[in-house]
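Because the structure is predicted, anything quoted here is derived from the model rather than measured.
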Amino acid sequence: MAKTYKNHVTEIALDFGCLGEQFVDVVYDWLEPNPSNDPFNPPEDGGSIIKDVLWFIDGHEISIMSRLSPRELDIVADQIWDTWQ
């Protein structure tokens with residue numbers, strides 16, 4: 001069973017087109033990878049579970065996770081992976 005680290009927050013820069021690069025807060029859980037039974041395969045089922053992406057604009061906190069494409073969420077997950085490695 002993989003160990004889960006809950007309720008982490010990290011700040012990541014996203015490109016918002018004409019608004020330029022803006023910083024958002026990403027709320028996520030981290031799962032430690034399970035070791036594979038085969039020594040030639042990498043660990044399995046590890047990584048981040050993104051719970052929310054928050055953008056602070058004009059003094060308001062806005063959840064923008066539903067407005068991000070799957071590719072943008074993959075970019076966010078890759079940046080989180082790099083911080084844990």
Open item on the list: Taking the side chain as everything from C-beta on, heavy atoms only, tell me whether K51 gets closer than 4.5 Å to D29.
Closed with: yes
Task: Set of residues satisfying ring-ring contact (aromatic ring centres under 6.0 Å, His included) with respect to F16, sequence neighbours excluded - done: W55
TODO: Look at the side-chain heavy atoms of Ile, Leu, Val, Met, Phe, Trp and Tyr, link any pair under 4.5 Å apart, and say whether I57 and F23 land in one connected group.
DONE: no
Task: Sequence neighbours excluded - salt bridge (Lys or Arg N to Asp or Glu O under 4.0 Å) pairs with any residue from residues 57-72 - done: none
TODO: Quick one: list whatever passes side-chain hydrogen bond (donor to acceptor under 3.5 Å, both in side chains) with D52, sequence neighbours left out.
DONE: S63
Task: For the student: nearest non-hydrogen atoms of V76 and L14, plus distance - done: CG2-CD2, 3.9 Å
- [ ] Please check if V53 and I62 belong to a single hydrophobic cluster, counting links between Ile, Leu, Val, Met, Phe, Trp and Tyr side chain heavy atoms closer than 4.5 Å.
- [x] yes
Open item on the list: Once rounded to the nearest 0.5 Å, what's the spacing between atom OG1 of T83 and atom NE2 of H8?
Closed with: 9.5 Å
Open item on the list: Same cluster or not: I75 versus L19, using hydrophobic residues (I, L, V, M, F, W, Y) connected whenever any side-chain heavy atoms lie under 4.5 Å apart?
Closed with: no
Open item on the list: What verdict does the side-chain contact (heavy atoms from CB on, under 4.5 Å) test give for V24 and L54, after you've listed the backbone C-alpha separation in whole Å, the side-chain angles of each residue and the deciding distance to 0.1 Å?
Closed with: CA-CA 6 Å; V24 297; L54 304 171; over 6 Å; no
Task: Hphob cluster co-occupancy, I12 + I64, side-chain heavy atoms under 4.5 angstrom - done: yes
Task: side-chain contact (heavy atoms from CB on, under 4.5 Å) between T10 and I80, intermediate numbers included - done: CA-CA 8 Å; T10 189; I80 292 170; 4.1 Å; yes
- [ ] State which residues pass side-chain hydrogen bond (donor to acceptor under 3.5 Å, both in side chains) with D15; sequence neighbours excluded, sorted by chain then number.
- [x] none
Open item on the list: Which heavy atom of S48 sits nearest to which heavy atom of Y28, and what is that distance?
Closed with: CB-CD1, 4.0 Å
- [ ] Could you tell me which non-hydrogen atom of I50 sits nearest to which non-hydrogen atom of M65, and how far apart they are?
- [x] O-CE, 3.3 Å
TODO: For residues 16-26, pull every pair meeting side-chain hydrogen bond (donor to acceptor under 3.5 Å, both in side chains), keeping only residues two or more places apart or in separate chains.
DONE: none
